[in-house]
Amino acid sequence: MALTGLDRQRNIQIVLIVSALALIVKAAQLQLFDDSFKRRADATTIEKLTVYPPRGLVFDRNGKLIVNNEATYDLMVTYNQVDFKNMDVDKFCKIVGIAAGDFTQNLTKDWKSGKFSRSVPFVFLKKLSIETYARLQESLYEFPGFFVQVRNIRGYPYHTGAHVLGYINEVDPRDIERGKGMYESGDYIGAAGLESEYESYLRGEKGTTSLLKDNLGRIVGKYKGGQFDSAAVAGHDLISSIDIDLQSYGEYLMQNKTGSVVAIDPKTGQILAMISGPTYDPNLLTMTQNRGQVFSALLTDPLKPFFDRTVMAKYPPGSIFKTLVTLTGLQEGTLNPDRGQSCNGGYFYAGRLYKCHHHAGVGDAVDALAYSCNTYYFTEFRNLVDKFGFSNPHKGLDIFAKYCQEFGLGTELGIDYPNESSGNIPNSAYYDKIYPRNLGSWHSPTIMSVGIGQGEIQLTTLQMANLAACIANKGYWYPPHLAKQFRDGTPIPHKFYEKHQVSIETRYFDLVQEGMAECVNRGTARIAQVPGIQVCGKTGTSQNPHGDDHSVFFAFAPKENPKIAIAVYVENAGWGASYAAPIAGLMIEKFLHDSITTDRLPVQERMVKANLIDKFLKNKAEAKIKAAAPAPKRDSLPDPKEVPSDVPEGATTTEVFQPRGTGKGRK
């Protein structure tokens with residue numbers, strides 16, 4: 001049936017109404033519900049930039065600025081916005097001072113790695129000079145996709161403390177993933193030392209700013225007057241516990257040596273100096289264009305400057321450990337403080353002579369510490385282990401290990417610093433694994449080298465310094481830490497205020513302190529004497545199976561109201577009195593007197609000029625040869641050759657000591 005004119009008119013009206021409704025719905029969708037077109041327009045006309053906050057500054061304990069911020073200009077690029085067809089590459093390269101080949105290389109990234117994106121800005125060129133930045137600003141509109149990001153990089157005014165202070169890195173995909181939105185490509189993150197440990201405090205909070213662009217991509221001002229901008233919040237300024245002058249002086253003394261130094265304020269646990277040698281100038285790792293080459297050179301250096309010997313190296317402590325044997329023996333009643341010990345050049349057992357240095361017999365426990373008599377401490381350690389009988393060394397050794405743990409040995413101390421090692425304090429279970437035949441396969445003679453700080457015992461230099469602090473405090477210690485406070489009052493972690501008390505009576509610390517004082521006054525550590533200050537110290541010579549022995553010393557001063565406890569470990573340096581003791585003595589004098597007396601300057605000069613690097617490299621090469629050889633069958637007794645003395649073999653009593661009496665008992 002043919003449509004009438006009226007029907008055709010009605011159909012046309014319906015089509016027009018439906019079309020109009022469709023257009024209204026689409027317009028509503030575009031304007032009210034779908035903001036994709038708005039965002040696309042904004043992306044064309046608005047440039048959103050991240051505003052990076054200045055990282056928190058770091059000061060030493062006396063208010064000296066030791067880590068600062070320096071403004072730098074990074075040239076950023078968004079790959080998808082680069083106009084490769086119309087861009088004058090030659091002009092661009094001339095302005096920024098690079099070759100055409102560098103232009104292509106800097107834009108070429110591994111897009112599949114996930115670290116870079118064509119739509120996300122990344123660094124094209126780091127650290128533009130102020131002159132280059134000024135020239136580029138005049139022509140930046142000609143180079144769409146490129147913009148300058150103002151950043152802050154670290155600077156180190158004192159050129160010291162590289163390990164302690166650490167450095168920052170550009171984030172990698174793992175950092176971004178762990179940060180859960182906190183970081184994005186191109187951000188910096190603390191990667192070592194205090195920068196890493198206090199990253200959440202130092203980094204601050206990023207802000208944003210929106211800039212309006214014209215049709216040529218030129219910045220013409222802030223979008224809506226900065227209505228949608230957010231300000232960056234600076235990081236917290238940290239006051240560290242480090243005394244930068246003491247740190248610098250210690251590094252000066254430790255130059256051309258391998259080893260470590262840790263100095264602590266015993267009353268608080270605050271670390272005064274923390275030195276690992278060899279070290280490097282921290283300014284070498286600021287975010288400069290040649291940083292990668294410098295980093296690679298340090299990483300492949302055979303001296304391993306990145307290896308932090310203060311907390312990562314595990315050493316036999318040598319004779320400084322005799323102080324702990326004394327304290328434990330006194331507390332357990334196995335050591336009579338008035339009992340003397342004859343010493344005819346060593347300790348005889350099972351037809352072997354375990355050497356001691358040449359000295360007169362010791363009259364009591366104070367003499368034993370002053371003279372560092374191996375024979376005395378072999379005897380007393382065996383007495384302690386055999387407290388419950390020769391056939392039951394397990395119980396005696398485990399009691400000793402328990403006391404060691406109370407002093408923080410064999411466990412992490414919890415320092416606010418990465419990569420801390422726990423060291424090793426062997427107990428009965430440990431030796432049952434070494435001697436698995438049956439429970440009666442080891443006895444006190446098997447492990448008696450532990451009594452002089454040898455054998456399987458291993459400590460970090462940090463633990464040695466903390467042991468000295470505990471002895472200085474007569475039985476308590478606070479966890480060592482590097483943060484003193486934040487300038488805005490933000491508290492440091494509460495655990496650093498927790499007091500750790502050991503279960504040894506105070507009166508026994510009095511005796512050990514006296515022995516350490518006499519060790520400095522007339523014994524093996526006279527080189528550590530400081531004019532006008534009573535230093536209490538103990539030398540150690542740590543056996544090194546791969547070459548020259550290690551020089552060890554720990555101390556505190558003054559004897560009354562101690563203000564510094566220190567441990568020094570110099571690898572391949574021989575006797576404790578050769579290098580470790582004089583370095584510690586000089587640092588104590590520097591800290592307490594702020595200068596070195598004229599009479600002590602020759603000692604300082606000898607320490608500074610001593611170069612032990614060749615010894616270290618020689619011993620390292622010999623160690624590789626020995627490691628390739630078949631391991632010798634383990635004996636049930638310590639090797640007499642592995643028992644070092646604290647003084648040169650062959651030295652007479654009068655050459656080394658000023659004897660303290662007749663050896664018939666304490667006066």
Side-chain angles (χ1 to χ4, degrees), residues 50-60 64-76 96-98 102 106 115 121-133 148-172 175 183-199 201-204 206 232 234-238 240 242 244 247-248 251 274-301 303-308 417-418 482:
T50 298
V51 180
Y52 288 93
R55 285 181 73 85
L57 305 175
V58 182
F59 298 83
D60 89 331
K64 295 180 179 178
L65 183 62
I66 57 178
V67 182
N68 61 20
N69 291 316
E70 298 176 358
T72 185
Y73 305 95
D74 290 346
L75 181 56
M76 310 293 290
V96 299
I98 61 173
D102 294 331
N106 290 358
K115 186 176 180 180
F122 58 87
V123 178
F124 177 84
L125 200 60
K126 290 181 180 178
K127 206 174 182 182
L128 299 180
S129 68
I130 187 65
E131 294 81 12
T132 301
Y133 169 67
V148 175
Q149 177 75 67
V150 181
R151 302 289 296 271
N152 287 294
I153 62 172
R154 292 307 219 182
Y156 307 91
Y158 286 86
H159 301 266
T160 191
H163 293 94
V164 174
L165 302 177
Y167 54 85
I168 58 176
N169 265 347
E170 192 170 318
V171 294
D172 60 26
D175 297 321
Y183 301 100
E184 57 188 27
S185 181
D187 286 355
Y188 296 153
I189 188 172
L194 284 173
E195 293 279 16
S196 172
E197 191 69 22
Y198 287 100
E199 164 68 12
Y201 295 86
L202 295 171
R203 69 184 172 213
K206 291 183 286 187
H236 298 275
D237 291 343
L238 174 65
S240 75
I242 292 295
I244 196 62
Q247 178 80 21
S248 301
E251 291 188 16
M274 197 167 175
I275 299 156
S276 177
T279 185
Y280 55 93
D281 184 343
N283 288 289
L284 291 173
L285 293 183
T286 54
M287 304 302 290
T288 56
Q289 295 187 44
N290 65 340
R291 183 178 189 266
Q293 298 175 347
V294 174
F295 192 93
S296 296
L298 290 171
L299 194 62
T300 56
D301 189 326
L303 297 175
K304 297 187 181 300
F306 280 145
F307 182 67
D308 192 335
Y417 194 68
L482 289 158

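Predicted, not measured: the structure shown is a model, and the values here were computed from it. Quick note: residue numbers are just sequence positions, from 1.
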Minimum heavy-atom separation for [X] and [Y], please, with both atom names.
| X | Y | result |
| --- | --- | --- |
| Arg151 | Asp74 | CG-OD2, 3.5 Å |
| Val58 | Leu65 | O-CD1, 3.5 Å |
| Ser240 | Ile66 | OG-CD1, 3.8 Å |
| Asn152 | Pro54 | ND2-CA, 3.5 Å |
| Val164 | Ile242 | CG1-CG1, 4.0 Å |
| Pro53 | Gly204 | CG-C, 3.9 Å |

Worksheet item: What do the steps show when you test Val67 against Tyr156 for side chain to side chain contact (heavy atoms under 4.5 Å, CB included), and what is the final call?
Response: CA-CA 5 Å; Val67 182; Tyr156 307 91; 3.9 Å; yes

Between [atom1] of [X] and [atom2] of [Y], what distance do you get to the nearest 0.5 Å?
| X | Y | atom1 | atom2 | result |
| --- | --- | --- | --- | --- |
| Ile168 | Ile153 | CD1 | CD1 | 7.5 Å |
| Glu197 | Leu202 | CD | CG | 10.5 Å |
| Leu194 | Leu482 | CG | CG | 5.0 Å |
| Thr72 | Tyr133 | OG1 | OH | 11.5 Å |
| Tyr201 | Asp237 | OH | CG | 14.5 Å |
| Asn106 | Ile98 | CG | CD1 | 5.5 Å |

Fill in: Under the ring-ring contact (aromatic ring centres under 6.0 Å, His included) test, residues paired with Phe124 that sit two or more places apart
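Phe124: ring-ring contact (aromatic ring centres under 6.0 Å, His included) contacts with Phe92, Phe103, Phe146.
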
Worksheet item: Is it true that Tyr188 and Tyr167 have ring centroids separated by less than 6.0 Å?
Response: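 Not close enough - the centres of the two rings lie 6.0 Å or further apart.
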
Indicate yes or no: at least one non-hydrogen side-chain atom of [X] is less than 4.5 angstrom from one of [Y].
| X | Y | answer |
| --- | --- | --- |
| Leu285 | Arg291 | yes |
| Leu238 | Tyr198 | yes |
| Glu184 | Lys206 | yes |
| Met274 | Tyr417 | yes |

Backbone N/O of [Y] and side chain of [X]: donor-acceptor pair under 3.5 Å:
| X | Y | result |
| --- | --- | --- |
| His163 | Pro305 | yes |
| Ser296 | Gln293 | no |
| Glu195 | Ile189 | no |
| Gln149 | Tyr52 | no |
| Glu251 | Gly161 | yes |

Fill in: Short side-chain donor-acceptor distance under 3.5 Å, Arg154 and Asn69
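Their side chains do contain a donor-acceptor pair, which is all the 3.5 Å distance test asks for.
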
Worksheet item: Can Tyr280 and Asp301 be counted as having a side-chain donor-acceptor contact under 3.5 angstrom?
Response: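 Looking only at side-chain atoms, Asp301 and Tyr280 do not form any donor-acceptor pair under 3.5 Å.
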
Worksheet entry | Parallel, tilted or perpendicular: ring planes of Phe306 versus Phe295, cut at 30 and 60 degrees |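 Ring orientation, 0 to 90° scale: tilted.
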
Could you tell me whether [X] and [Y] make a salt bridge, using a distance below 4.0 angstrom between a side-chain N and a carboxylate O?
| X | Y | value |
| --- | --- | --- |
| Lys126 | Glu170 | yes |
| Arg55 | Glu199 | yes |
| Asp187 | Arg203 | no |

